[in-house]
Amino acid sequence: MAANNRRMSGKKGAQVGSGGQRRRGLEGKGPTPPAEMRKGHKKNRIAGAKAKQIARRPAVPRGRGGKGTSEMVVGRNSVVEALREGVPASMLYVQQFIDNDERVREALQLAGERGGIHLMEAPRPELDRMTNGLNHQGLVLQVPPYEYAHPEDLAAAAYDEGQDPLIVALDGVTDPRNLGAVVRSVSAFGGHGVVVPERRAAGMTAGAWKTSAGAAARTPVARAANLTRALESYKKAGLVVVGLAADGEVEVGDLEALGGPVVIVVGSEGKGLSRLVGETCDFRVRIPMPGGTESLNAGVAAGVVLYEASRRRV
């Protein structure tokens, strides 16, 4: 008995029962999961392979114009100007131990006043890597991808407001500043949006935002996978497609159709309208220029025709 007590005294704490562990071990584990969820099962391996294939596919926007790509604005002057002009931004990167001059202080102040812009301090090598070695001067502003509308949305929004659609489509315009100028003109003359092709065309970059002088925040830009098909869809919806051309058959001041639902198509300054787009237009109009200038850039040309359309609507 004494020996038994000695053996017991060497153990730490009371040893009463099993604490229910044995009973829990006898309990069932619930219903058997389906084969697709059982690790090691053939169907589980097949399901995993399918999931990886889906994850590798590029995302395709459905029913919308999709998103652009994110952009970096670099350099102290460029960052400050972008913040002044209201260019959308999600992050302001500031170099560690940066010389705190007037432009840096203004950038930090503007970002703080705007709200929604995160401030991130980063070492110079990291900023060099992010900007591919550009002269960022310690300031980098991240511009999020632009949310493009769908071409059909522009006409639908106008009809919802009880108005005839007034839309500008750009064919072959590759300078973002021209796009920004057109967006500004559309906003000034009561238009309902701008359509750009998905490929080989200017997009809503920081440069376009700055040139629009804030108009891009209230004027939608739509992106079309195929501009010709988008124009044909507009025609089916009752809109008149008017193309600007130096050799157009009608002067802009004589075209009565500008007073109704219309899409104004502006080509590039050098090549003008592409062949297929030109053939899709219901009218090709010209802007009289007594001064002898051969052509106008997209922003100015769009502004002239938008003014005429606005005048007729009033």
Side-chain angles (χ1 to χ4, degrees), residues 59 61 64-149 170 173-188 193-223 268 297-299:
R64 317 306 308 164
K67 285 187 177 183
T69 56
S70 60
E71 184 184 0
M72 296 288 186
V73 178
V74 303
R76 298 186 184 187
N77 287 334
S78 298
V79 168
V80 170
E81 289 175 8
L83 290 170
R84 283 177 184 168
E85 296 296 338
V87 174
S90 56
M91 186 84 72
L92 175 61
Y93 294 93
V94 184
Q95 182 181 313
Q96 290 176 341
F97 315 116
I98 191 174
D99 294 334
N100 194 8
D101 67 4
E102 182 178 350
R103 294 169 297 175
V104 173
R105 289 193 294 270
E106 184 176 1
L108 294 172
Q109 181 182 352
L110 290 170
E113 292 174 350
R114 286 260 300 268
I117 301 178
H118 301 287
L119 300 178
M120 179 70 70
E121 192 176 41
R124 183 181 181 87
E126 177 64 16
L127 296 183
D128 291 340
R129 184 193 63 78
M130 289 170 51
T131 61
N132 291 323
L134 295 177
N135 184 21
H136 51 75
Q137 299 175 308
L139 286 183
V140 178
L141 188 68
Q142 185 172 20
V143 179
Y146 181 80
E147 293 270 2
Y148 289 96
L170 301 182
V173 175
T174 57
D175 189 340
R177 293 170 297 181
N178 272 334
L179 172 57
V182 170
V183 170
R184 186 174 183 179
S185 295
V186 169
S187 176
V194 180
V195 180
V196 297
E198 189 173 312
R199 298 178 181 84
R200 295 184 292 277
M204 283 305 298
T205 64
W209 270 94
K210 285 193 290 185
T211 309
S212 76
R218 54 185 181 272
T219 303
V221 176
R223 191 165 61 175
S268 63
N297 67 35

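Just so it is clear, the values below take in all heavy atoms, side chains as well, and ignore hydrogens, waters and symmetry mates.
The minimum heavy-atom distance between Ala111 and Leu119, with the atom names listed, is CB-CD2, 4.1 Å. Residues Val173 and Ala298 come closest through the heavy atom pair CG2-CB, 4.0 Å. The two residues Arg114 and Val87 come nearest to each other via the heavy atoms NH2-O, 2.7 Å. Across all their heavy atoms, Ala181 and Gly299 have their closest contact at CB-CA, 4.1 Å. Looking at every heavy atom in both residues, Ala82 comes nearest to Leu141 through CB-CD2, 4.0 Å. Residues Gly203 and Ala208 approach most closely at O-CB, 3.8 Å, considering heavy atoms.
Remark: Met130 engages Met72, Tyr93, Glu126, Leu127, Val140 in a side chain to side chain contact (heavy atoms under 4.5 Å, CB included) (not counting sequence neighbours).
Rounded to the nearest 0.5 Å, atoms CG (Leu110) and CD (Glu85) are 11.0 Å apart. Here the CZ-CG distance, from Arg103 to Asn77, works out to 5.0 Å after rounding to the nearest 0.5 Å. We find the CE-CG distance between Met120 and Leu92 to be 10.5 Å, quoted to the nearest 0.5 Å. Taken to the nearest 0.5 Å, the CG atom of Asp99 stands 11.0 Å off from the CD atom of Gln137.
Proximity of Leu139 to Val104: side-chain heavy atoms (C-beta onward) are separated by under 4.5 Å at one or more points. Pro145 has its side chain within reach of Ser70: a pair of non-hydrogen atoms, C-beta onward, lies under 4.5 Å apart. Arg84 has its side chain within reach of Val80: a pair of non-hydrogen atoms, C-beta onward, lies under 4.5 Å apart. Proximity of Ile117 to Leu83: side-chain heavy atoms (C-beta onward) are separated by under 4.5 Å at one or more points.
Proximity of a side-chain donor or acceptor of Tyr148 to a complementary backbone N or O of Met204 within less than 3.5 Å is detected. The closest donor-acceptor contact from the side chain of Arg124 to the backbone of Gln95 lies at 3.5 Å or more, if one exists at all. Side-chain atoms of Asp175 come within 3.5 Å of backbone N or O of Arg177 as a donor-acceptor pair.
Around atom CZ of Arg76, more than 12 heavy atoms belonging to other residues, nucleotides or ligands sit under 6.0 Å away. The local environment of CD in Glu102 is sparse, with at most 12 non-hydrogen atoms from other residues, nucleotides or ligands closer than 6.0 Å.
Sequence neighbours left out, the pairs with a member in residues 205-219 that pass side chain to side chain donor-acceptor pair (under 3.5 Å) are Ser187-Arg218.
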